[in-house]
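In what follows, every chain begins at residue 1, and chains take the letters A, B, ... in the order their sequences are listed. All of these numbers come straight from a predicted model, not from anything done at the bench.
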Amino acid sequence: MGWAVERYDVVVVGSGIVGLLVAYELSKRGVSVAVVDENLEPGFGVSKGHAGVIHVIQPPFSSLKSVLAIHGNRLYDILVRELGVRYRRLKALLVAGSAIQLAILPLLYIILKLLYETRGFKVSIVSGRELRDLEPNVGGWAAIAVDGYAVVDSFDLVYKLYEACRSLGVVFHLGTRVTGVKVSQDRVDIETTRGPLKASFLVNAAGLNSDYIASQTGFKVRVEGRRGSMLVFDRLQVRNIVAPLVLLERRGTKGGGVIPTTWGHTIWGPNLDSDISKGDRGVYHEDVAVLLRRFGGVIRVKGRIIKAYAGVRPTSDKGDFVIAYSPTSRRVVNVAGIDSPGLTAAPAIAVMVLDMLRKAGLKLGLKRRPPSLRYLSTRDKLVLGLSVQGDEGVIVCPCMSVSLADIARAVRGGARTLDGVIFRTKLAMGSCQGQHCLGRALIEFSRMTGVEPRYVVKGGEGSWIVE
Amino acid sequence: MDSGVDVIAGAGLSGLTLARELLDRGFQVRVLELRRRVGGISIIDGDARRILDKLSDIPVELEKAIVRVGGRTLAVSRSGVEGVVRGITAIGFRVPSPAELGILGDRPSGVFPFHVALDLTMEGLSIGRRIAIYGYNRYSVLLAEKLLEAGAREIYMIAPEKTPIKTPDHIEVLEGRVRRVKGVARVESVLVGSSILEVDTLVTAIFKTWNPFPNFDVVGHAAVEVYEPQALVETSKLLAENMACESDERMGVVVEGDIQVFPRVVRRCLKRILIARPRGGRVKVNGVSVDLSMGYAVVDVGGLSSVRISVEGV
C-alpha cells in the first residue's frame, strides 16, 4: 500500500460468505470496495467449516435470524443461478425411528404445519413405505417432510463470489489484520498490519473477530465460538436431509442432520458443543460418539468415514444476529454473531447491510450485470460423457477426477495455498484422502505459482508442508 | 487369445508381474499407471526392485488414470477418454483416513498418508524433522530409512499392536494407538495412548485392501494384506493361472477367523492358493498345519474340490 492511501467507498472487514456477499452486491452497484481479511484466502475463517445446508426457519420465529433466514432462503435460487454455484433443493425428513417418536409425530406435524406453512414451507407426513422409496438407506416408521431446504457447495459459493468480486473491481487485502479503526466526521480510517486504508463506510463482517472490530468503533458485543463437529462419508447415503424426530432439542445434544453434499458425499452433523471455544476446531472422541449415536439408529451406513472436522459458529451474547450501526457513527455497520443459520441468511444480510449503508448516505448505482463464471470441471465433463484433452486429461486426483487443468484454474482463480486448491477443486477430498494426489498437487501448484515447495503453505501462516 | 481383461490399473510390482504372466500366456493386456513412474511403493524396497528391474520391458501407459464417474469406469489421459469394461485393480494399499484410524483433534499441516510422504521424499523434499510414523511394517520401516536420508532428525515408529518384525537399532519403536493430533498451523504433537509425543509430522502407514472399481478383479496389495514382495508376485501368478483355467468350475473355500485367501474366487483347476494373515501364527488347511510366520503361505490344493481353513489353536 505504501504512501498513497487509497480511499474506498466501503471497506469490508472479513471475506467470509457475508463479507463477500456484501462486497459483491456493492460492487455490482458501482461502489468501490476493498475487503480486508487476516486469512490468506477468502472463506478460511468461519465459512470453511460449513455443512452447506440452506435452512428454512429457526426458532424463535420473531428473531432477526429467523426473519433473515426465510428471506435468505428465497434469495438463494437467484444467487446460485447468477454465479453458477453447485446447489440442490431438497426436503428435510424428520424420521420416527421408535414407537415413542411415532407417538409424538402427529403432534409435531401439527405444530410444524402451523409454524412452517404460514411462512411458505410445505410440511407433509411420509408413510413408512414412502420413506423407503424416498430413502432406501433410512430405517423408520414414518417421517415428517419439510420442503424448501437446499444444499449448496459452500466452497464453490465462496470462490465464485471471490472471482466475481475481483472481476467487478473489488480490491482484496488478504493476510492483512486490522489493528485499529478511527471514525471521524467524513471518513473511516482503518489501520492494518500492511498500512492504512481510508473509506467512507466500514462493514464489520469479521466473524469470530467481529467483537474486536466492533469495540474499535465503540460498539459492545461479545462473540464466542461454538464448535460443531461433522463426520464425512465417501458415499451418498441419502437424497434429502434426514434427522431423527425429536420434540425438543436439548442444548449440547443438538446434532444437525444426515446431509447429502453436492459432490456425492454424506455429512453427519454438525453437533453443537456446549463449551465456548473461540479458536478451537478440534474434534473430540465424544463428538464422534454423539454423532454416531444420533444417526446410527436411522441410517444404514454406506461408505467409510473419511474425515472428521469441526466448524465454529460465532455466537453473540445477544442470542441473535447483531446487525447494527456503531453508536458513534452510521459510517460503520457491524454484522456480528452470525451463527447458524448464517449461510442461509447471508444473501438477506447483504440486502439489509446495503440498505443501512444507503440510509447512512452511500450512493448506490444501477445494478450491473455480474460476470459469467460458469465452467465445467474435468469431473463435470466426464459425468456428462464429454471428451477431455490436454491437461484436462492428466488426472492428479483419481477419486474426485481432478486434473491439472482444474488445479490451473484454481490458481488463476486466486488460490494461494494448498487448501485453496483443495477447497476449489475437491482434490484430496475423496475416498483415499489425498494419498495418490497430494504429493503431485504440491509439485504442480509450486510450478504453476512459481513458489518453491518449501514456501507453499497448507492454509494459514506457518502451515508449511515441506522444508 | 482373450484373457477377459483389457487393462491393469497400476504399474507396481503386482500389476507388472500380472502383465508379464498374461503376456507370456499370449493374452493382450495394457498396463495403465496414474503416476509418472512405475514401481508403486516397491521402489523403496530393495528386494522388490530386483524383481521390478526384470519387468522394465513391459510397456506401461503413464499418467493414465482409471476413474469411476457416474457409474462408469473410464481411462483418462492427455489423449482423451476411453470406456473400460474389464480390468484388474492393482493400485496397492489404501491408507485409511485419520478419522477411520480413530485419530481426531486438530487438522494442521504435517499429517501425511504414507504415499504422500513417499512421493514428496522421492521428489527430494523433506517432509519434517521430528516424524512419527503410525504403523509398523516392512514399508513403514523402509520409509523411515528414506526419511532419515532426506534430513529427518528423529523418527518414532508407532506400532498399534505387537508385530513380529525386526527393528533397526537407530529407530525408536513405541507401542500404542495415536488418538489425537494437536497443532494450529503445523503438527505440534500427537497423543499416543496417554502420552504426548512432540513431533512436527505424522505419517499414517497402516494399510488396507481396496478396490474402487466394482467390475474389476483385484491383485496384490489391493487384494490381500501381505508385506513380502514375493507374496505380491505370487498373487499375480495365481491370478493369471486362475484366469487361464479352462473350466469355470469353482472350488469351495470355507474360512474361519481373520484369514485372507487369494484369489477370491478359486477355480477348480487352480493348483495353489495364497493364505495370508498379517498377525502370523499357524493355520489348518483341511486339517494340515501351515506356518504363516512370514504373514502368508502358498499352499497346494491341486485336485481338491473344497478347502477349509481355520486358525490353529482357536
Side-chain angles (χ1 to χ4, degrees), chain A residues 229 231-232 279-285 287-288 304-310 378-379 381-401 403 418-419 431-440 442-443 453-454 457-467, chain B residues 9 34-36 63-70 72 74 76-81 91-100 102-110 112-123 125-129 150-151 179-186 200 204 210 212:
Chain A
S229 298
L231 297 175
V232 185
D280 186 5
R281 284 183 188 244
V283 177
Y284 294 82
H285 288 272
D287 300 318
V288 173
R304 316 176 181 90
I305 299 177
I306 48 168
K307 191 159 51 181
Y309 72 106
T378 302
R379 186 183 170 83
K381 289 192 172 181
L382 294 175
V383 168
L384 293 169
L386 300 174
S387 164
V388 297
Q389 51 191 321
D391 280 357
E392 285 180 327
V394 181
I395 301 292
V396 177
C397 164
C399 295
M400 303 301 289
S401 301
S403 71
L418 202 54
D419 274 352
S431 305
C432 83
Q433 286 292 290
Q435 118 179 31
H436 288 304
C437 67
L438 282 173
R440 176 140 192 213
L442 174 64
I443 304 296
R454 63 194 166 115
V457 292
K458 176 178 180 280
E461 268 169 55
S463 61
W464 56 276
I465 298 161
V466 295
E467 290 184 291
Chain B
L34 172 76
R35 287 179 169 73
R36 286 175 287 186
E63 283 195 307
K64 193 152 199 163
I66 303 209
V67 298
R68 280 288 287 176
V69 178
R72 290 175 307 146
L74 307 170
V76 184
S77 70
R78 213 175 265 285
S79 52
V81 184
I91 60 170
F93 285 130
R94 172 175 180 273
V95 181
S97 66
E100 280 174 273
I103 306 171
L104 300 176
D106 302 330
R107 296 169 49 76
S109 182
F112 300 107
F114 179 91
H115 297 64
V116 176
L118 176 63
D119 285 342
L120 292 173
T121 307
M122 296 309 291
E123 292 282 347
L125 300 168
S126 162
I127 61 162
R129 286 181 197 174
R179 292 170 50 77
R180 284 191 73 77
V181 172
K182 197 170 168 293
V184 179
R186 177 79 189 193
D200 56 33
T204 46
W210 71 317

### Message
At a 4.5 Å cut-off on heavy atoms, which part of B:Pro98 comes close to chain A: side chain, backbone, both, or neither?
### Response
neither

### Shortest non-hydrogen contact between A:Gly439 and B:Val116, atoms and distance
N-CG1, 3.9 Å

### Task
Please tell me if the side chains of B:Arg94 and A:Arg304 come closer than 4.5 Å, counting only heavy atoms from C-beta onward.
yes

### Task
Please check if the side chain of B:Arg78 supplies one atom and the backbone of A:Val394 the other of a donor-acceptor pair under 3.5 Å.
no

#### Entry: Residue B:Phe112 versus chain A: region with a heavy atom under 4.5 Å
side chain

### Query
Taking A:Arg440 for the side chain and B:Asp119 for the main chain, is one N or O donor matched with an acceptor at less than 3.5 Å?
no

### Task
Would you mind telling me which of A:Gly434, A:Ser387, A:Ser431 has the largest number of heavy-atom pairs within less than 4.5 Å of chain B?
A:Ser431

#### Entry: chain B contacts, top residue of A:Gln433, A:Glu461, A:His285, A:Lys307 (heavy-atom pairs, under 4.5 Å)
A:His285

### Task
Measure the spacing between OH of A:Tyr309 and CZ of B:Arg107 and express it to the nearest 0.5 Å.
9.0 Å

### Query
Any salt bridge between A:Arg281 and B:Asp106, counting N to O under 4.0 Å?
no

### Task
Look at B:Pro113, B:Gly110, B:Gly105, B:Ala99 and state which one has the largest set of heavy-atom pairs under 4.5 Å with chain A.
B:Gly105

### Message
Counting only non-hydrogen atoms closer than 4.5 Å, does A:Pro453 touch chain B with its backbone (N, CA, C, O), its side chain (CB onward), both, or neither?
### Response
side chain

### Task
Taking all non-hydrogen atoms of both residues into account, name the closest pair between A:Cys399 and B:Trp210 and its distance.
SG-CH2, 4.4 Å

### Task
Check whether any side-chain heavy atom of A:Ile443 sits under 4.5 Å from a side-chain heavy atom of B:Leu125, and report yes or no.
yes

### Message
With a 3.5 Å distance limit and no angle check, can you tell me whether B:Arg72 reaches the backbone of A:Leu382 through a side-chain donor-acceptor pair?
### Response
yes

#### Entry: Donor-acceptor contact below 3.5 Å, side chain A:Gln435 vs main chain B:His115
no

### Task
Considering only heavy atoms and a distance below 4.5 Å, find which of A:Leu384, A:Ile306, A:Asp287, A:Leu231 pairs most often with chain B.
A:Ile306

#### Entry: Check: A:Ser463 side chain, B:Ala185 main-chain N or O, donor-acceptor pair, under 3.5 Å
no

### Summary
Here the gap from B:Leu104 atom CG to A:Ser229 atom OG, rounded to the nearest 0.5 Å, amounts to 8.5 Å

### Task
Specify which of B:Arg179, B:Arg36, B:Met122 makes the most heavy-atom pairs with chain A at under 4.5 Å.
B:Arg36

### Query
Which is it for A:Ile465 and B:Ile127 under the side chain to side chain contact (heavy atoms under 4.5 Å, CB included) test, yes or no, and what are the steps along the way?
CA-CA 7 Å; A:Ile465 298 161; B:Ile127 61 162; over 6 Å; no

### Query
Do side-chain atoms of B:Ser97 reach the backbone of A:Ile305 as a donor and acceptor pair under 3.5 angstrom?
yes

### Task
Name the region of B:Glu123, side chain, backbone, both or neither, that has any atom closer than 4.5 Å to a heavy atom of chain A.
side chain

### Summary
Whatever's closer than 4.5 Å to a heavy atom in chain A on B:Ile66 counts as backbone

### Query
Could you give the distance from CZ (B:Arg35) to SG (A:Cys437), rounded to the nearest 0.5 Å?
9.0 Å

### Query
Do the side chain of B:Ser126 and the main chain of A:Glu467 share a donor and acceptor less than 3.5 angstrom apart?
no

### Query
Picking from B:Thr121, B:Val95, B:Thr204, B:Val181, which has the most non-hydrogen pairs under 4.5 angstrom with chain A?
B:Val95

#### Entry: Which portion of A:Val232 sits near chain B, non-hydrogen atoms under 4.5 angstrom
neither

### Task
Could you pull out the closest heavy-atom pair between B:Val67 and A:Ser401, with the gap in Å?
CB-OG, 3.7 Å

